[in-house]
Every structure is written in C-alpha cells, then in structure tokens.
Amino acid sequence: MAGTSPHSPLRVWWTQRPPAAGAAVLATGILSVGLHLTGYETLSRIALVIGCVAWLGLAAEFAVRLLRERARWAAEAGTPGALTAVAATTVLGTRFSALGRQSLAEALLALAALLWPVLIVFVVSHWTRRMPGGVFLGCVATEGLAALGATLAAAESAAWLAHTALVLFWLGLVLYGVALFRFDPRQVLEGHGDHWIAGGALGISALAGAQLIAADSALLYLWNDDDLGVLRAVTVTLLVLDLAWYAVLLGAEWVRPRPRYDVRRWATVFPMGMSAAATLSVASAVDVSWLKVPGEVLLWIAVAAWLAVTVGTVAEARAALRSTGPR
C-alpha cells in the first residue's frame, strides 16, 4: 500500500503542486469546450473526464490545506494562481451546461461564486508593480463567472442571471485594465509560461461576450438594439486584441525560445485553447462563418501544446518519484 501512503513519493509530489497547477484543469476544460464546438464529441468528453479528475484532486488538496494547514492555505490564497480554482470551475460548468447537465453546472457556478470574492480580495491585496502574467487571472476568474452565468441564463431562461453576468463582464474588463498597468512587459520575452494569460484573459472576455449575445432571445429580450450593438462591437474587438496578443506572444517564443518544462506552461495552453474557443463562439454569436476555420486551426495547435505539456508533467512526476522513492 506504499503507493497510497500519506508519505508515498506520489503523495509528496502531489502536495507540492502550487496553486498555479489549477491552470492544467483550466486548459483541459477549455479544450473540451473547443472540441465540442467543432463536433469532436468523443475527444471532448475524454478531455472533460481528465479535467474533472484533476479538478477533484486539486479540490481535495485545497480542502485539506484549508482545514489542516491554514498558514499555507492563506499564503497560497494570496497568489494569483489561486484564482485558477474559480476559473477552472466555471469552465467545467460551461461544458456541463452544454451537455444538458444544468443542475451540476448551477452547483459549479454557486461554488465558484462563493470562492470568487474571498480569493479576489486575497489576491488583489497582494498585487505589486512589475508582476508576471498571473496578474490577469483576476480578469479570467471574473469573466469565467460571466461566461457560465450567461450560458445558464440561456439554458434556464433566467434574465436576472444574464444581467448579473453582464455586470461581471464589464467588471472583468476593468480588472484587465488594472492588471495591464501592473504587468511587467519584460515577461513577454522572459516569462515561463503564465505571460500568455495577458492574451487568454481577453479570450475568455470575448467568450463571455459571445455567450451574452447568444443568451438573448425573443423569450428573454435581454438587450435592445443599441445594447446589442455595443456588446457585439466590444466582443469582436476583444477577439481581435486576443488574436493580436497571440501573434505577439508566439513571435516572442520564436525570438526567445523557452523549451524547458515549467508547471506554468499550463498557463500557456489555456490561452491557446481559449483563443480557439473564443474564435469559434464569436463566429456563431455574430454570424461570421469564416472564423470557424481559423478557430479550428487554433484548436489543434492548442491540442498539440496540451500533449507537449502533459509529456513534461509526466516526466517531472517520474523524476520526482525516483528522487523521493526508497533507495
């Protein structure tokens, strides 16, 4: 039973995962959403299962630290990576809503909504100047709530939820602006992976905008023509800015390659997958069908990145198990 012992090498490696490891769930969840949007349902469900298993493991560790290691929990709750707990929960909820599992999606929204104010206060209170890309996770978590809220508003015909999601959508953009002021631009060439969130935050904002547009219907009549026009213009602009960031960040990787594995590389995969999902969602929401092709291309690039980072994670785990195993 050494493999399941509290002091087993596997357990030791798992407990050393930083909060930023939650980006792995975020990345896997958004790939599941993207694969669903492109009709690859079997692959989408496989990704969803993987994401859920990882989410359960990280959630259990989150609870253990809260109950038994309060000092460590409080220290980690102040890091930007802690907000991946909120963002990952909302992305999984969005995927479950697409499966018709509205009760489960509602439960995940409720959980994320409970975590969000606690963690956002902890994280923002620890913001400084010249921060890495994780500073944009405040925007990501907030826009994740907006996206899931808008998705459920459409599924449940709940106008109040759509209007709440709209408020969160605008708040997320405010948080992005504040984060951009604190972001260290040198991270574009020197970051270890999480600098990609500078673009991914705009991607999830565009996704939330697309979900808000799609939530409107004759039954709900959420937005008048002027409101809808503004929402469409802002959503398209966010997507364009996201894709611009994508090009800049990809170019920076070419100019300054950083091939060594780092757990923060999961925060590279997430924006790649989010750019794909946002492109596909905006294509449907604003009825621009030609965007679907570049959206699918971006999706498969994200899948390749996911596989590469997964290989790195497995290699790191194996090395850690060998170094801490019995001699």
Shortest non-hydrogen separation from [X] to [Y] and the atoms involved:
X: T235; Y: A206; result: CG2-O, 3.4 Å
X: G29; Y: L92; result: CA-CD2, 4.2 Å
X: A154; Y: A215; result: CB-CA, 3.8 Å
X: A267; Y: A23; result: N-CB, 3.9 Å
X: A165; Y: A150; result: CB-N, 3.7 Å
X: A278; Y: G203; result: CB-O, 3.3 Å

Donor-acceptor check, side chain of [X] to backbone of [Y], threshold 3.5 angstrom: yes or no?
X: R258; Y: R256; result: yes
X: W160; Y: A153; result: no
X: T90; Y: A87; result: yes

If you round to the nearest 0.5 Å, how far is [atom2] of [Y] from [atom1] of [X]?
X: L166; Y: L161; atom1: CG; atom2: CG; result: 11.5 Å
X: L212; Y: R232; atom1: CG; atom2: CZ; result: 12.5 Å
X: C139; Y: L202; atom1: SG; atom2: CG; result: 7.0 Å
X: D242; Y: L207; atom1: CG; atom2: CG; result: 10.5 Å
X: L83; Y: L115; atom1: CG; atom2: CG; result: 9.5 Å
X: T94; Y: I30; atom1: OG1; atom2: CD1; result: 7.5 Å

State plainly whether one hydrophobic cluster holds both [X] and [Y], where clusters connect Ile, Leu, Val, Met, Phe, Trp and Tyr through side-chain heavy atoms under 4.5 angstrom apart.
X: V135; Y: V248; answer: yes
X: Y261; Y: V314; answer: no
X: L109; Y: V118; answer: yes
X: V121; Y: L168; answer: yes
X: F181; Y: I120; answer: no

Going by the side-chain hydrogen bond (donor to acceptor under 3.5 Å, both in side chains) test, which pairs reach into [range], not counting sequence neighbours?
range: residues 28-54; value: T28-W306, S32-S44, S32-R95, H36-E41, Y40-E296, E41-R45, E41-R95, S44-R95
range: residues 161-171; value: none
range: residues 201-221; value: E143-S205, T151-Q211

Check: [Y] and [X] side chains under 4.5 Å, non-hydrogen atoms:
X: R130; Y: R186; answer: yes
X: T79; Y: V123; answer: no
X: W245; Y: L250; answer: no
X: L298; Y: Y246; answer: yes
X: L35; Y: W300; answer: yes
X: L239; Y: L291; answer: yes
X: V288; Y: V282; answer: no
X: L31; Y: L299; answer: yes

Report the C-alpha distance between D227 and N224 in whole Å, list the side-chain angles of each, state the deciding distance to 0.1 Å, and finish with yes or no for side chain to side chain contact (heavy atoms under 4.5 Å, CB included).
CA-CA 5 Å; D227 293 337; N224 60 36; 3.2 Å; yes
Residue pairs passing the ring-ring contact (aromatic ring centres under 6.0 Å, His included) test with at least one member in residues 100-156, sequence neighbours excluded, are W73-F122, F136-Y176, F136-F183
Test side chain to side chain contact (heavy atoms under 4.5 Å, CB included) on Q187 and D184; report intermediate values, then the result.
CA-CA 6 Å; Q187 290 291 307; D184 183 356; 4.0 Å; yes
Any chance you could lay out the side chain to side chain donor-acceptor pair (under 3.5 Å) test for W266 and T313, step after step, and finish with the verdict?
CA-CA 9 Å; W266 283 113; T313 301; 3.1 Å; yes
Of all residues at least two apart in sequence or in a different chain, which pass the side-chain hydrogen bond (donor to acceptor under 3.5 Å, both in side chains) check with T268?
R265
So, applying side-chain contact (heavy atoms from CB on, under 4.5 Å) with W55, which one of I50, L26, V91, T89 is it?
T89
If you count heavy atoms of other groups shown closer than 6.0 angstrom to CZ of R101, is the number above 12?
no
What do the steps show when you test S284 against K292 for side chain to side chain contact (heavy atoms under 4.5 Å, CB included), and what is the final call?
CA-CA 8 Å; S284 296; K292 293 181 180 179; 4.0 Å; yes
Would you be so kind as to tabulate the donor-acceptor pairs closer than 3.5 Å made by side chains of residues 189-200, with sequence neighbours excluded?
residue: H195; atom: ND1; partner: G193; partner atom: N; Å: 3.2
residue: H195; atom: NE2; partner: E253; partner atom: OE2; Å: 3.3
residue: W196; atom: NE1; partner: E253; partner atom: OE2; Å: 3.0

Derivation and outcome, side chain to side chain contact (heavy atoms under 4.5 Å, CB included), residues C52 and F96:
CA-CA 11 Å; C52 287; F96 277 118; 3.5 Å; yes
